[in-house]
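Please read the structure below before turning to the comments.
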Amino acid sequence: MILQNKLSAIFSILLLSTYLTGCVRAILPTSETELTTNARVVSTEVELDIVSSYANLKKYMSKCLEYRSQNGYQVIDANLDREQNKAYFIGKSNFDTYTFKVLLESVGNEQTKITYFSPKKKIGFSESNPQKTLDKLKDFSLYDGKAVCKF
């Protein structure tokens, strides 16, 4: 009897975790291509070179957006390509899902275009105001001080 209860409890936990994994993967994009093609896109330009913008945003993202806890995680994949004058940040979360993408492109000697891709969730609510997030990213791309999460 006790063995049967333990087996049914273990089976229930496995079934629930599989169900939750499926739910999360049904809500958020599961590939970078899916994220960029089905996203709400906003962009702006800053008067700073791409390398400095990338360095400033990287400090902010590593301190304020990356986390790990017992309930989940978010990591930021960052890359700067000096030859093509492009850089990107991609937020990855639980169950191989993508939470955002930020693309930096040089549009002049001291000018950088910041494009923010906010995923349209398949089920549920999307981010209510991606422009507000872009404005925050713009502020932090220009901020060359100690890494902080709020001004």
Side-chain angles (χ1 to χ4, degrees), residues 2-46 50-82 84-105 112-151:
I2 293 174
L3 181 61
Q4 186 179 12
N5 287 341
K6 284 183 181 180
L7 287 175
S8 78
I10 290 171
F11 180 73
S12 297
I13 290 170
L14 288 174
L15 187 62
L16 180 63
S17 67
T18 303
Y19 174 74
L20 291 176
T21 301
C23 286
V24 170
R25 291 177 62 83
I27 294 171
L28 291 171
T30 56
S31 71
E32 182 180 347
T33 304
E34 184 181 356
L35 170 67
T36 55
T37 56
N38 298 324
R40 297 191 307 173
V41 181
V42 290
S43 62
T44 190
E45 293 184 5
V46 295
I50 191 168
V51 175
S52 299
S53 296
Y54 174 80
N56 295 342
L57 277 174
K58 187 165 181 162
K59 284 190 293 187
Y60 163 70
M61 291 203 184
S62 341
K63 179 173 175 82
C64 305
L65 298 182
E66 280 191 330
Y67 70 88
R68 293 183 186 276
S69 71
Q70 64 186 16
N71 298 325
Y73 67 91
Q74 175 164 291
V75 294
I76 309 298
D77 182 17
N79 186 26
L80 171 64
D81 187 346
R82 291 176 191 253
Q84 293 190 7
N85 287 325
K86 289 187 176 186
Y88 67 81
F89 298 92
I90 299 176
K92 297 179 183 175
S93 191
N94 299 6
F95 312 113
D96 296 322
T97 56
Y98 290 74
T99 54
F100 70 89
K101 179 177 181 179
V102 176
L103 178 65
L104 305 177
E105 298 172 290
T112 302
K113 179 180 178 183
I114 302 173
T115 306
Y116 175 64
F117 298 84
S118 174
K120 290 181 186 174
K121 296 180 182 176
K122 300 173 196 169
I123 301 171
F125 298 104
S126 297
E127 180 179 10
S128 62
N129 191 354
Q131 184 64 47
K132 185 176 178 181
T133 303
L134 179 67
D135 292 341
K136 184 185 286 189
L137 291 171
K138 179 181 177 181
D139 293 342
F140 280 106
S141 73
L142 294 169
Y143 180 69
D144 192 21
K146 182 181 173 186
V148 295
C149 295
K150 290 185 178 183
F151 284 121

(message) How long is the straight-line distance from CD of Glu66 back to CD of Gln74, given to the nearest 0.5 Å?
(response) 8.0 Å

(request) Report yes if some heavy atom in the side chain of Val42 is under 4.5 Å from a heavy atom in the side chain of Tyr116; otherwise report no. (result) yes

(message) What I'd like to find out is whether the side chain of Ser141 reaches to under 4.5 Å of the side chain of Ile114, using heavy atoms alone.
(response) yes

(message) If we ignore hydrogens and angles and just use 3.5 Å, is the side chain of Glu105 paired with the main-chain N or O of Lys113 as donor and acceptor?
(response) no

(message) I'd like to know if the side chain of Tyr73 reaches the main chain of Ser93, judged simply by a donor and an acceptor atom lying under 3.5 Å from each other, with no hydrogens or angles considered.
(response) yes

(message) With a 3.5 Å distance limit and no angle check, can you tell me whether Thr112 reaches the backbone of Leu104 through a side-chain donor-acceptor pair?
(response) no

(message) Quick check: do Lys58 and Ile76 have side-chain heavy atoms less than 4.5 Å from each other?
(response) no

(request) Please name the pair of heavy atoms, one in Leu35 and one in Pro119, separated by the smallest distance, quoted to 0.1 Å. (result) CD1-CB, 3.6 Å

(request) Please report the closest heavy-atom contact between Phe117 and Ala39, naming both atoms and the distance. (result) CB-CB, 3.9 Å

(message) Less than 4.5 Å apart, side chain to side chain, heavy atoms only: is that true for Val102 and Met61?
(response) yes

(request) State the NZ-CD distance between Lys138 and Gln131, to the nearest 0.5 angstrom. (result) 9.0 Å

(request) Flag the pair Phe100 / Phe89 as yes when their ring centroid distance falls below 6.0 Å, and as no otherwise. (result) no

(message) When you compare the side chain of Ser53 with that of Val46, does any pair of heavy atoms fall below 4.5 Å?
(response) yes

(message) Consider side-chain hydrogen bond (donor to acceptor under 3.5 Å, both in side chains). Of Thr37, Asn38, Thr30, Thr36, which one does Glu34 pass it with?
(response) Thr30

(request) Work out which heavy atom in Cys149 is nearest to a heavy atom in Tyr60; give both atom names and the distance. (result) O-CE1, 4.2 Å

(request) Identify the residue among Asn56, Leu57, Thr44, Leu142 that makes a side-chain contact (heavy atoms from CB on, under 4.5 Å) with Leu137. (result) Leu57

(request) Answer yes or no: is there a side-chain heavy-atom contact under 4.5 Å between Asp77 and Tyr88? (result) yes

